[in-house]
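To start, the structure itself, in structure tokens.
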Amino acid sequence: MSSAEWNKVFAAVLFAGLIAMLSGFIAGKLVAPKFPAETAYQVELPDAAPAAAAPAEPQLEPVGPLLASADVAAGQRGSRACAACHTFDKGGPNRVGPNLFAIVNAPHAHAAGFAYSDVLKRMSNEPWEYEDLNAFLANPRAYAPGTKMNFAGIRSVQERANVIAWMRTLADTPAPLP
Ligand code: HEC
């Protein structure tokens, strides 16, 4: 090829490049793509999912408001469910469970000489306040996972209030009502 012919080839290539650039520029002006500020397809983040899916924790009803008017005699009758394992009289022996005289406001794992579970022993610097007894009697294993108290629990808040109100009377000086 002569140099004149090479020049034609170069000119052709240059021209083609120019056309390509120009059409790209014009196309950009015509279409003017806009990019949305937010991603159109939202991906659920895994750490946000469990909080939304978890069922609401059932709230335990407090016994506090019921204690003053609780039925102590009904509570004594209800305590038959406990008597298989517990004595309630002053100086009474430990059985399957510890003696429970003056249990309100006594420390957890209060009875000397009783082999408590580790979970109750770990709470021995905390008193059995009314709402602790309420939670324990509603569901012993939920309140103290690993407890030795093999008892399903008392479902009714009124019955728990009755039993606790009765236990409160079993003390030299009954604890004040809340
Ligand atoms: C099947 C036997 C059994 C029955 C029934 C039972 N308990 Fe217990 N209870 C135990 C045992 C065993 C423990 C010791 C738990 C531990 O160490 O984890 C205990 C512990 C307790 C404690 C804690 C005492 C402390 O010193 O910290 C309370 C309060 C209590 N029981 C109340 C009751 C009441 C009230 C009832 C009846 C509504 C009842 N229990 C029914 C076996 C029983």
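Counting starts at 1 for both ligands and their atoms, in listed order. The figures here come from the full heavy-atom set of this structure, side chains too, leaving out hydrogens, waters and symmetry mates.
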*Side chain, backbone, both or neither: which part of Leu120 comes within less than 4.0 Å of ligand 1 when only heavy atoms are counted?*
side chain
*Has ligand 1 got any nitrogen or oxygen that is less than 3.5 angstrom from a nitrogen or oxygen of Leu137?*
no
*Does ligand 1 have a heavy atom under 4.0 Å from the side chain of Val119, from its backbone, from both, or from neither?*
neither
*asked:* Is it the case that the side chain of Lys148 and the backbone of Asp118 share a donor-acceptor pair, with hydrogens and angles ignored and the cut-off at 3.5 Å?
replied: no
*At under 4.0 Å between heavy atoms, which part of Tyr116 makes contact with ligand 1: side chain, backbone, both or neither?*
both
*Give a yes or no on whether the backbone of Ala111 and the side-chain of Asn94 come within a donor-acceptor separation of less than 3.5 Å.*
no
_Atom indices of ligand 1, in the order listed, that fall short of 4.0 Å to a heavy atom of His108_ = 27 (O)
*Tell me, do Pro98 and Tyr116 make a side-chain contact under 4.5 Å, heavy atoms counted?*
yes
*Looking only at protein heavy atoms, identify the closest one to atom 32 (C) of ligand 1 and say how far it is in Å.*
Leu100 CD1, 3.4 Å
*Out of His86, Arg141, Arg95, indicate the one that has the non-hydrogen atom closest to atom 30 (C) of ligand 1.*
His86
_Is the contact between Pro98 and ligand 1 made by the side chain, the backbone, both, or neither, using heavy atoms and a 4.0 Å cut-off?_
side chain
*Near atom 8 (Fe) of ligand 1, is there an N/O/S atom from Cys82 that is less than 2.8 Å away?*
no
*Tell me, which protein residue and heavy-atom name are nearest atom 1 (C) of ligand 1, and how many Å apart are they?*
Cys85 SG, 2.8 Å
